[in-house]
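Below, chain A is the first sequence line, B the second, and so on; all start at residue 1. All values below come from the heavy atoms of this structure, side chains included, with hydrogens, waters and symmetry mates left out.
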Amino acid sequence: MNAGKLDIIVAPDFDLALTLDSGQTFHWEKTDAGFAGTIGARAIYVKQRDDQLFVSKGRAELCSKYFALDHPLADICASFPPDPAMQSAIAFCRGLRIIRQPHWECLATFITSSMKQVAHIRQISQTLRHRFGEPCSLCELTVYAYPTPHRIAELDERDLQACALGYRAKSLLATARLINSGEVDIDQMAALPDDELRARLCALPGVGAKVANCVMLFAYERLRAFPIDVWIERVLRQQYFPGRRRMTARQLRDFAAKHFGEHGGYAQQYLFHHARKTTPRRLSPRAS
DNA sequence: CTCCAGGGATGAT
DNA sequence: ATCATCCATGGA
């Protein structure tokens, strides 16, 4: 697959496979020794060997930014609280980075994510890309960009239903049309402070607090944003408030914001990935 | 078969 | 402000 020449990036404190499997992004496909995918409209091949990252020719800068290789990971992990749940998650997730995704494809994929397992989010993303996205050649492979707001906006709701979006089709279509019309500018929103950005995202169809926080964390580099999904809620209740009833969603949110600090989003991702990969399915639902 | 999934919108308290 | 209910679909 890597017949063409590749650029080399030195990437310490980074685990590519772990990062791409952590539920931030849903379209990278494992090839021979690496991964094939897209960043925006660009086709990218990337593989890792030890501390070196090999990426498609001319894409070193793009990949360095996308994979957030400039994040001071050691300092970030050192800022996490020293509780047992956090420490075991840190040990489990070494090299996991919060990446910088393009705004639209992150927003759109998380609109399609509600009440879906990761495997199915991947399937929806792949179907949308193959049917409506621009094909990009990557050596002998063809990868597909996420369809633009313009492309989605001109579709019919049935076109999206046919991609197994279910009740999410209406939301994705409505949000794509708001952006395509120019009524909403999600790139310009990057200049807003956290609270206002969250409010503006939540004003979009299909976007509530959880999806807004995911998009803030994975696309707008708001490392404090703390998405609370079913997994994280379980972790918080079981690990931080065992056997305690009457913890409202509001109380959990306030605790998370206070306890995990300025890189709370990173802490959340570590707790999420650790729980998701270590909780046995179909057996006793106890975290390690 | 049942249960669950990186939830959101809506209407009733 | 919180709570219950419904919303489609597929994997386990």
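Considering A:Phe92, A:Phe226, A:Phe80 in turn, A:Phe80 is the only one that fulfils the ring-ring contact (aromatic ring centres under 6.0 Å, His included) rule with A:Tyr270.
Base contact: A:Gln269 has a heavy atom under 4.0 Å from a base atom. Heavy atoms of A:Ser22 sit under 4.0 angstrom from at least one base atom. Contact annotation for A:Ile232: base contact, defined as any heavy-atom pair under 4.0 Å involving a base atom. Among the atoms of the strands shown, none is found under 4.0 Å from any heavy atom of A:Ala249. In this structure, A:Leu204 reaches the sugar-phosphate backbone alone: every heavy-atom distance under 4.0 Å involves primed, P, OP1 or OP2 atoms, never a base. Here A:Gly23 lies in heavy-atom contact (under 4.0 Å) with a base. Across all strands shown, A:Arg246 has heavy atoms under 4.0 Å from sugar-phosphate atoms exclusively, and none from any base.
Rounded to a whole angstrom, the distance from the P atom of B:dG11 to that of C:dA8 is 16 Å. Using C1' as the reference atom, B:dC1 and C:dG10 are 15 Å apart when rounded to the nearest Å.
Of the candidate nucleotides B:dG8, B:dA5, C:dT9, C:dT9 has the atom nearest to the side chain of A:Lys116. Set against B:dA5, C:dT9, C:dT2, the side chain of A:His120 has C:dT9 as its closest nucleotide. Distance from the side chain of A:Tyr167 is smallest to C:dC7 among C:dT9, C:dC7, B:dG6.
In this structure, A:Phe272 forms an aromatic stack with the base of B:dG6, since both conditions hold: centre separation below 5.5 Å and plane angle below 30°.
Between A:Gln123 and the phosphate of C:dG11, there is a side-chain N or O to OP1/OP2 separation shorter than 4.0 Å.
Annotation: of the two residues near DNA chain B, A:Arg168 and A:Val211, the 5′-most nearest-nucleotide partner is A:Arg168.
Between the CG atom of A:Leu252 and the P atom of B:dG7 there is a distance of 15 Å, given to the nearest Å.
With a cut-off of 3.5 Å on both pairing distances, the Watson-Crick or G-U wobble partner of C:dA1 is B:dT13.
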